[in-house]
Amino acid sequence: MVRKNAVQKPVVRTRAQSSSAFETAQAVLAGGVSSPVRAFQAVGGTPLFIAKAKGAVITDLDGNAYIDYVGAWGPLILGHAEERAQAAASKVLDKGWSFGAPTEQETRLAVRIAADVPGIDMVRFVNSGTEATMSAVRLARGFTGRDLIVKCEGCYHGHSDGLLVEAGSGLATFGVPSSAGVPAGLTALTLVVPYNDLDAASQVFAEQGQRIAAFLVEPIAGNMGCVPPAGGYLAGLSRLCNEHGALLIFDEVMSGYRVGLRGAQGLYGIEPDITCLGKIIGGGLPVGAYGARAAVMEQLSPLGPVYQAGTLSGNPLAMAVGLATVEALHEPGVYERLEALSARLSAGLAEAAGAAGLPLFETRVGSMLGVFFQPGPVIDYASAKRSDTHAYARFFHAMLDQGIYLPPSQFETLFVSLAHTEEQIDQTIAAAAKAFAAIAA
Ligand code: KE4
């Protein structure tokens with residue numbers, strides 16, 4: 001009997017249910033999404049609708065599984081549906097999960113954060129990173145009695161009006177709105193300088209120093225892709241702020257607990273005046289926080305004249321999952337494992353790109369990784385923008401079709417979690433080798 005050649009049925013990775021779900025969503029959700037980057041406009045195609053996730057793997061409505069390097073944009077450092085976080089949530093759910101009144105959950109998380117983060121003696125919880133930075137700016141203005149804020153081009157601090165600015169013409173310039181609906185008057189108090197450029201920062205302080213309330217910066221930029229601080233940059237900002245009586249605000253919404261228990265300020269040994277946190281401290285539930293030394297935080301209502309409030313701030317469910325997440329990060333060897341997995345991935349991607357003859361500039365701080373389709377170096381937003389975003393889009397889809405879910409934009413950061421395994425990292429590298437070869441062909 002002639003055996004029929006066993007024909008390997010091609011893996012048909014249909015995404016029909018995601019497409020249909022996206023159609024439905026677009027009728028009632030602006031753009032079909034609850035946050036713009038999820039719409040895949042930077043890479044093209046239809047966004048995946050996620051049905052479930054466990055560990056380092058997410059599964060879409062069509063049953064396709066992907067190794068996930070977005071991790072809900074940073075919070076899921078333990079991986080998805082992690083047992084300790086789940087157990088913490090269950091315990092709270094049995095007793096009620098929102099009271100609009102003080103609970104010991106928020107005190108416990110605040111004690112943990114104050115013990116870990118060098119620049120924090122006292123904390124205020126809010127519900128997002130946007131709220132954290134917006135409130136930190138108001139607190140800095142209230143504490144100093146000054147109006148001007150300086151931020152870096154390419155750093156993202158959420159969507160409060162005064163921070164939706166982009167650089168005007170010239171080096172150190174007053175921001176121009178980067179969004180419709182933001183009146184120029186609201187950005188006229190925000191100065192924008194290039195990231196990693198201490199001369200520009202010095203210049204703006206020389207010109208406006210007495211009016212500057214704070215310099216707000218991502219100590220490790222994660223929203224232009226991952227761009228580490230240049231040597232001496234953060235120390236220079238700290239010195240400029242001290243010399244001119246301004247406050248240094250570290251937006252550690254992404255880097256807090258990501259690059260170590262003490263965040264970027266612990267890694268680089270620079271203590272800011274105010275620290276903003278989010279993402280990981282909520283373990284995937286809506287949380288933000290800002291903190292400082294007591295003398296600054298005592299300006300906050302109900303103690304002082306700076307007002308800020310929130311219905312769900314300190315929500316027991318979010319506090320419990322956040323505390324379980326942060327406590328798990330105190331286990332011995334956690335950051336060594338994240339470092340080993342992330343270094344393995346970074347080295348593998350570099351080798352694969354080299355083999356394909358593809359110019360790839362990589363950055364990494366702990367388990368925050370950047371891959372820029374260009375020779376580099378990438379040190380700020382201007383250089384990041386020189387990346388080949390079309391190549392990144394092709395890379396994104398070639399990886400997606402091989403079961404690897406990367407951030408759907410060149411200007412985002414990849415995250416490795418404690419749930420990732422060496423096998424999954426190696427599978428990712430193998431997929432990247434194929435993707436790079438296809439792009440380079
Ligand atoms: P949220 O308001 O999105 O919780 O946080 C704003 C924010 C503040 N600071 C930093 C350093 C941040 O990275 C963010 C938010 N990060 C983006 C991803 N790059 C969130 C994803 C999104 O906007 O959908």
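Both ligands and their constituent atoms are indexed starting at 1 by order of listing.
Applying the ring pair (Phe, Tyr, Trp, His ring centres under 6.0 Å) rule to F373 yields the partners F395; only residues at least two apart in sequence or on another chain are considered. Applying the salt bridge (charged side-chain N to carboxylate O under 4.0 Å, His left out) test to R38 and every residue at least two apart in sequence or in another chain returns nothing. With sequence neighbours left out, Y69 forms a ring pair (Phe, Tyr, Trp, His ring centres under 6.0 Å) with H420.
The 12-atom threshold is exceeded at NE2 of H397, counting heavy atoms of other residues, nucleotides or ligands nearer than 6.0 Å.
Separating the CG atom in D380 from the SG atom in C152 is a distance of 9.5 Å, to the nearest 0.5 Å.
Note on ring orientation: taking the six-membered ring where Trp is involved, the planes of F411 and Y381 are perpendicular (angle over 60°, cut-offs 30° and 60°).
Residue-level contacts of ligand 1 at the 4.0 Å heavy-atom threshold are S35, V37, W73, S128, G129, T130, Y156, H157, G158, E218, N223, D251, V253, M254, K279, E412.
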